[in-house]
Visitor: 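Let me give you the structure first, and then I'll get to my questions.
To find a chain, count down the sequence lines: A is the first, B the second, and so on, and within it residues start at 1.
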Amino acid sequence: MVAITLPDGSVRRFDRAITGADLAADIGPGLAKAALAIRIDGKMMDLLTPLTTDANVSIVTKKDEDALELLRHDAAHVMAEAVQELFPGTQVTIGPAIENGFYYDFARDQPFTLDDLPKIEAKMREIVDRDEPIRREVWDREKAIAHFESIGEKYKAELIRGLPAGDPIGIYTQGDKWLDLCRGPHLPSTGKLGKAFKLMKLAGAYWRGDSNNPMLHRIYGTAWADEKQLAAHITMLEEAEKRDHRKIGQEMNLFHLQEEARGAVFWHPKGWTLYRTLLSYIRRRLEAADYVEVNTPLLMDKVLWERSGHWDKFGAKNMFTSESEERHLAVKPMNCPGHVQIFNQGIRSYRELPLRMAEFGCCHRNEPSGALHGLMRVRAFTQDDAHIFCTEDQVRGETKKFIDLLRSVYTDLGFTEIRVKFSDRPPVRAGSDATWDKAEAALREATEAAGLEWTLNPGEGAFYGPKLEFVLKDAIGRDWQCGTLQADFVLPERLGAHYIGEDGAKHVPVMLHRAILGSFERFIGMLVENYAGKFPLWLAPVQAVVCTITDDAKPYAEEVAAKMKAAGLRVETDLANEKINYKVREHSLAKVPVLVVVGKKEAEGQSVALRRLGGQNQEILALTEATDRLTKEAAVPGT
RNA sequence: GCCGACGUAGCUCAGGGGUAGAGCAACUGAUUCGUAAUCAGUAGGUCCGCGGUUCAAUUCCGCGCGUCGGCACCA
């Protein structure tokens with residue numbers, strides 16, 4: 001006798017062995033048809049899993065949020081079967097569900113072409129129509145290895161060899177011919193997948209994510225519970241593409257990139273205005289938070305980088321170098337060693353700590369060519385960098401202060417959802433394990449004290465210390481690290497920093513490396529995508545355009561523009577001999593937040609007609625009032 | 001760096017073995033207009049670069065560079 005408790009609290013008792021499918025059928029025929037899997041005590045399992053002991057069980061259908069993961073994983077398997085049917089000799093490797101979809105990595109001499117995707121998709125639909133039963137079997141390890149080797153699936157055999165001894169070898173058969181090694185769970189049959197999927201793109205991917213391994217051919221797909229969701233997702237992607245900062249950057253004439261300066265930005269007047277506005281905002285926030293600003297050399301002798309450990313880790317491959325008068329110089333990839341040089345001038349007292357040293361430091365890193373991406377990943381960038389020299393006791397308080405400052409800045413800049421990753425010690429690092437224990441514990445405690453939630457990002461810390469990464473998503477959902485806070489117990493010692501403590505003895509300070517934006521380049525990329533170019537008034541490169549309706553209004557338009565400019569607004573004029581409709585359209589497409597329209601009426605009455613971007617109406621105001629109002633609205637946050 | 005796709009006017013793109021075309025933008029002229037495209041005209045090109053095949057290459061082939069999508073990398 002087993003007692004099954006359903007989510008509504010009701011209990012069903014069975015005196016025979018049943019499976020999830022039987023349970024669903026027992027509840028009702030509709031559910032039996034819709035059932036995809038079951039959850040036993042919260043854990044998702046195959047529908048055909050026998051229920052042998054009392055348990056809390058729920059039936060998973062397409063309506064469940066996490067049924068999507070199941071569908072996507074099955075979509076990957078169906079795609080693998082389709083590919084092997086169409087392209088015999090192709091080896092399968094792994095194919096997981098991912099956000100919004102799935103992929104599968106195939107080993108094959110001949111790459112797939114874009115034309116293959118519709119063929120594979122059609123074959124997948126065929127397999128769904130065949131409604132092949134999917135069943136789990138547990139195989140003997142040696143038998144499984146022998147089987148996969150005999151059919152030429154060396155990657156699968158390698159995967160099985162890598163499974164921990166004693167783990168069951170789960171094999172899922174799909175129909176009567178096709179099978180795959182998999183942990184599951186899976187749908188009961190391919191028909192349950194439905195057809196709300198689409199193959200999206202081809203890519204190369206290294207076997208097991210290691211660039212020393214062969215490159216496999218990856219096919220990405222998206223899969224949803226129904227066609228409507230699929231269509232919504234496709235529309236979302238199309239909309240997101242329009243927000244791409246590279247596209248908007250060109251449309252709004254903010255910046256450009258060109259091959260003679262790969263990975264370096266040519267900032268145009270409008271883009272540079274945005275940059276300067278952001279910089280002066282951050283500078284003010286830092287001043288208010290008791291930072292001091294410094295500036296350090298771009299070119300320094302490479303011995304400094306050898307001493308800090310950067311040369312070993314990054315030097316040869318990632319730093320730009322130069323020679324002069326027998327000195328080997330390196331362009332700085334970061335500002336920290338420079339800041340330590342300033343710290344090291346004279347004798348420091350504990351009374352000076354915490355010393356918060358900021359620099360808008362222009363750094364160069366020779367990033368791998370394939371990593372470059374618009375403003376998001378460049379070779380020359382400026383960090384809103386600072387190093388806080390402090391005592392161990394001050395780490396907690398400084399961390400809290402920094403996190404508060406970062407949150408406030410992100411809110412001002414329109415980012416409310418911030419994800420935080422905690423990256424701990426990497427495999428290759430400087431400093432002893434004891435030092436790392438201390439640094440990780442200090443950062444973790446301080447972060448928790450600040451009430452910040454984070455997820456662990458194992459092994460991704462800097463070589464000198466653990467770090468918090470503040471991650472933002474771009475328009476199409478790619479992650480980019482922007483802010484960071486790194487607890488460094490290593491570099492100060494390596495670079496000979498110390499202060500005189502209360503006890504009269506020399507101590508090595510802790511160094512907190514921190515950035516709020518990360519780099520101006522990347523953050524502006526994020527800002528552009530986040531606002532889709534429709535910046536709030538204080539950030540907009542051009543805040544208003546004064547447009548004339550007829551030539552008669554030209555002198556008055558000039559007067560209006562001059563007065564607004566004098567009030568500190570970024571104003572342009574459009575005196576062209578064009579219809580007002582044309583001008584409205586042009587400047588709306590250019591995402592100018594405010595249009596100031598003047599015609600005969602306004603000229604006579606010393607008034608203006610304001611039209612907001614995206615708005616339908618206009619507001620007639622006296623010139624002085626309009627100027628006042630806009631000036632107030634354009635105020636930089638916190639001023 | 002690796003795999004794949006792509007590279008034609010300022011921009012978005014069409015075309016195709018016989019040295020190129022549209023729309024928008026630019027320029028000129030007409031028009032003076034009340035809130036998302038007024039009309040007409042003019043001008044604009046090393047068809048990414050270098051080699052090869054060919055009577056002839058922007059088109060086909062090879063290499064290089066760049067961009068895009070992934071992977072790897074990301075102090």
Visitor: Expressed as a whole number of Å, how far does the C1' atom of B:C47 sit from that of B:G10?
Guide: 16 Å
Visitor: Kindly state whether the ring of A:Phe106 and the ring of A:His217 have centres lying under 6.0 angstrom apart.
Guide: no
Visitor: What integer number of Å spans the P atoms of B:G62 and B:U67?
Guide: 22 Å
Visitor: Using a strict threshold of under 4.0 Å (side-chain N to carboxylate O), is an ion pair present between A:Asp210 and A:Arg208?
Guide: no
Visitor: Which nucleotide, in any strand shown, forms a Watson-Crick or G-U wobble pair with B:G23, with both distances under 3.5 Å?
Guide: B:C11
Visitor: How does protein contact run along nucleotides 66-75 of chain B, one letter per nucleotide 5' to 3', with B for base contact, S for sugar-phosphate only, - for none, heavy atoms under 4.0 Å?
Guide: SSSBBBBBBB
Visitor: Determine whether the aromatic ring centres of residues A:Phe197 and A:Phe102 are separated by less than 6.0 angstrom.
Guide: no
Visitor: Could you tell me whether the side chain of A:Asn344 and the main chain of A:Leu495 form a donor-acceptor pair under 3.5 Å?
Guide: yes
Visitor: All N/O contacts under 3.5 Å from nucleotides 8-12 of chain B to the protein, with atom names and distances to one decimal?
Guide:
| from | atom 1 | to | atom 2 | distance (Å) |
| --- | --- | --- | --- | --- |
| B:C11 | O3' | A:Gln250 | OE1 | 3.3 |

Visitor: Please check if the side chain of A:Arg243 supplies one atom and the backbone of A:Glu529 the other of a donor-acceptor pair under 3.5 Å.
Guide: yes
Visitor: Quickly work out the A:Ile219 CD1 to B:C3 C1' distance and round it to whole Å.
Guide: 13 Å
Visitor: Quick one: which of A:Gln481, A:Glu469, A:Gln486, A:Glu440 gives a side-chain hydrogen bond (donor to acceptor under 3.5 Å, both in side chains) with A:Ser423?
Guide: A:Glu469
Visitor: Do A:Lys247 and A:Glu241 meet the salt-bridge criterion of a basic N to acidic O distance under 4.0 Å?
Guide: no
Visitor: Using the P atom in both, what is the distance from B:A37 to B:C50, to the nearest Å?
Guide: 44 Å
Visitor: Is the cationic atom of A:Arg419 (NZ for Lys, CZ for Arg) positioned less than 6.0 Å from the six-membered ring centroid of A:Trp454 and within 45 degrees of its normal?
Guide: no
Visitor: If pairing requires Watson-Crick or G-U wobble contacts with both distances under 3.5 Å, which nucleotide is the partner of B:C6?
Guide: B:G66
Visitor: Once you apply the 3.5 Å cut-off to both distances, tell me the Watson-Crick or G-U wobble partner of B:G17, or none.
Guide: none
Visitor: How far, in whole Å, is B:U38 from B:A43 if one measures between their P atoms?
Guide: 24 Å
Visitor: Looking at A:Phe314, does the NZ or CZ of A:Arg365 lie under 6.0 angstrom from its six-membered ring centre and within 45 degrees of the ring axis?
Guide: no
Visitor: Under a 3.5 Å cutoff, is there a donor and acceptor pairing between the side chains of A:Glu153 and A:Gln84?
Guide: yes
Visitor: What distance, rounded to whole Å, do you find between the two P atoms, one in B:C24 and one in B:G18?
Guide: 29 Å
Visitor: So which nucleotide does B:G1 pair with, by the Watson-Crick or G-U wobble rule with both distances under 3.5 Å?
Guide: B:C71
Visitor: One character per nucleotide, please: for nucleotides 34-44 of chain B, 5' to 3', B when the base has a protein heavy atom closer than 4.0 Å, S when only the sugar-phosphate does, - otherwise.
Guide: BBBBB------
Visitor: Roughly how many Å apart are B:G64 and B:U19, using the P atom of each and rounding to a whole number?
Guide: 31 Å
Visitor: Which residues, if any, of residues 104-112 of chain A bring a heavy atom under 4.0 Å of RNA chain B?
Guide: A:Pro111
Visitor: Determine which nucleotide pairs with B:G51, using a 3.5 Å limit on both distances of a Watson-Crick or G-U wobble pair.
Guide: B:C61
Visitor: Does any pair with a residue in residues 512-522 of chain A pass side chain to side chain donor-acceptor pair (under 3.5 Å), and if so which ones, sequence neighbours excluded?
Guide: A:Tyr291-A:Arg514, A:His387-A:His513, A:Asp488-A:His513
Visitor: Under 3.5 Å for both donor-acceptor distances, Watson-Crick or wobble: does B:G44 have a partner, and if so which one?
Guide: none
Visitor: Between B:U42 and B:A22, how many Å separate the two P atoms, rounded to a whole number?
Guide: 11 Å
Visitor: Can you list every ring-ring contact (aromatic ring centres under 6.0 Å, His included) pair that touches residues 360-386 of chain A, not counting sequence neighbours?
Guide: A:Phe360-A:Phe520, A:His373-A:Trp480
Visitor: Verify, without hydrogens or angle tests, whether A:Tyr410 (side chain) and A:Phe470 (backbone) share a donor-acceptor contact under 3.5 angstrom.
Guide: no
Visitor: Measuring only the C1' atom in each nucleotide, how far is B:G44 from B:U8? A whole number of Å is fine.
Guide: 14 Å
Visitor: Distance alone, cut at 3.5 Å: any donor-acceptor contact between the side chains of A:Thr296 and A:Gln341?
Guide: no
Visitor: Can A:Thr548 and A:Lys583 be counted as having a side-chain donor-acceptor contact under 3.5 angstrom?
Guide: yes
Visitor: My understanding is that a pair needs two contacts under 3.5 Å, Watson-Crick or G-U wobble. By that rule, which nucleotide pairs with B:A30?
Guide: B:U38
